[in-house]
Amino acid sequence: MRFLRRSSGIVIAGLLLATLPAGTAQADAPPGYACAVTYASTGWGTGFTADVTISNTGTRTFSPWILQFVFPGGQTFTTGWNATWSATPPSVQATGPSFHKSIDPGTSFGVGFNASGSNDQPTGFTLNGVPCTVS
């Protein structure tokens, strides 16, 4: 039973982190959770396409996972791939798809999207509420 309780606590902590709004710094993230995001985009006249690589740089698995970020101004999410996408402007969320619901330590997963508006890099990337380094 002790193992089940410990596991339940980890799941609950992960769910609590997943509900934080994009850009919220979580000073007390559970030990072992860390992430990095590589962001690359290509603009055209009225919008842009972005490729985002999510890397688990910690020692614990993100499962399930939700990537959140904030558009810096006036951009509108239009469509995305390799995730289940939702947007409440200016915030955008990508949830792990059925074929890739977890990101293990030392691994990466790529997602992408199209948006209208200026090709400015989003801010406040978080994975389950854990702030990610961005390059």
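Every heavy atom of this structure was used, including side-chain atoms; hydrogens, water molecules and symmetry mates were not.
- Within the structure, disulfide bond (SG atoms under 2.5 Å apart) pairs that include any residue of residues 70-105 do not occur (at least two apart or interchain).
- The closest side-chain heavy-atom distance from Phe77 to Ser91 is not below 4.5 Å.
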**Q.** Phe109 and Leu67: CA distance, side-chain angles, deciding distance, side chain to side chain contact (heavy atoms under 4.5 Å, CB included) verdict
**A.** CA-CA 11 Å; Phe109 184 67; Leu67 177 72; over 6 Å; no
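- Side-chain N or O atoms of Asp51 include none that pairs as donor or acceptor with a backbone N or O of Ala40 at under 3.5 Å.
- Sorted by first and then second residue, the disulfide bond (SG atoms under 2.5 Å apart) pairs with a member in residues 48-135 read Cys35-Cys132; sequence neighbours excluded.
- Counting only residues at least two apart or in different chains, side chain to side chain donor-acceptor pair (under 3.5 Å) contacts with residues 76-87 comprise Ser86-Gln93.
- Here OG of Ser41 is found 7.5 Å from CD of Gln121. Values are rounded to the nearest 0.5 Å.
- Val52 has its side chain within reach of Val37: a pair of non-hydrogen atoms, C-beta onward, lies under 4.5 Å apart.
- Residues Thr61 and Tyr33 have side chains not in contact (no heavy-atom distance under 4.5 Å, counting atoms from C-beta outward).
- Listed by first and then second residue, the disulfide bond (SG atoms under 2.5 Å apart) pairs that reach into residues 70-125 come to none, sequence neighbours excluded.
- Remark: Gln68 CD to Thr95 OG1 distance equals 8.5 Å, nearest 0.5 Å.
- In this structure, the side chains of Thr133 and Thr57 stay at 4.5 Å or more apart for every pair of heavy atoms.
- Closest approach of Pro72 and Pro122 over heavy atoms only: CD-CA, 3.9 Å.
- The disulfide bond (SG atoms under 2.5 Å apart) contacts involving residues 49-130 comprise nothing, where partners must be two or more places apart or lie in separate chains.
- The minimum heavy-atom distance between Ala34 and Val130, with the atom names listed, is CA-CG1, 4.3 Å.
- The aromatic rings of Phe48 and Phe71 lie perpendicular to each other, with more than 60° between the two planes, well past the 30° mark.
- For the residue pair Thr107/Asn56, the side-chain donor-acceptor check at 3.5 Å is not satisfied.
- Qualifying side chain to side chain donor-acceptor pair (under 3.5 Å) partners for Ser118, counting only residues two or more places apart in sequence or in other chains: Gln75, Asp120.
- Aromatic ring centres of Phe113 and Phe69: separated by under 6.0 Å.
- Heavy atoms only, all atoms of each residue included: Trp65 and Asn128 are closest at CA-OD1, 3.2 Å.
- The shortest distance between side-chain heavy atoms of Ile103 and Ile54 falls below 4.5 Å.
- Nearest heavy atoms, Pro131 versus Thr126: CA-CG2, 4.0 Å.
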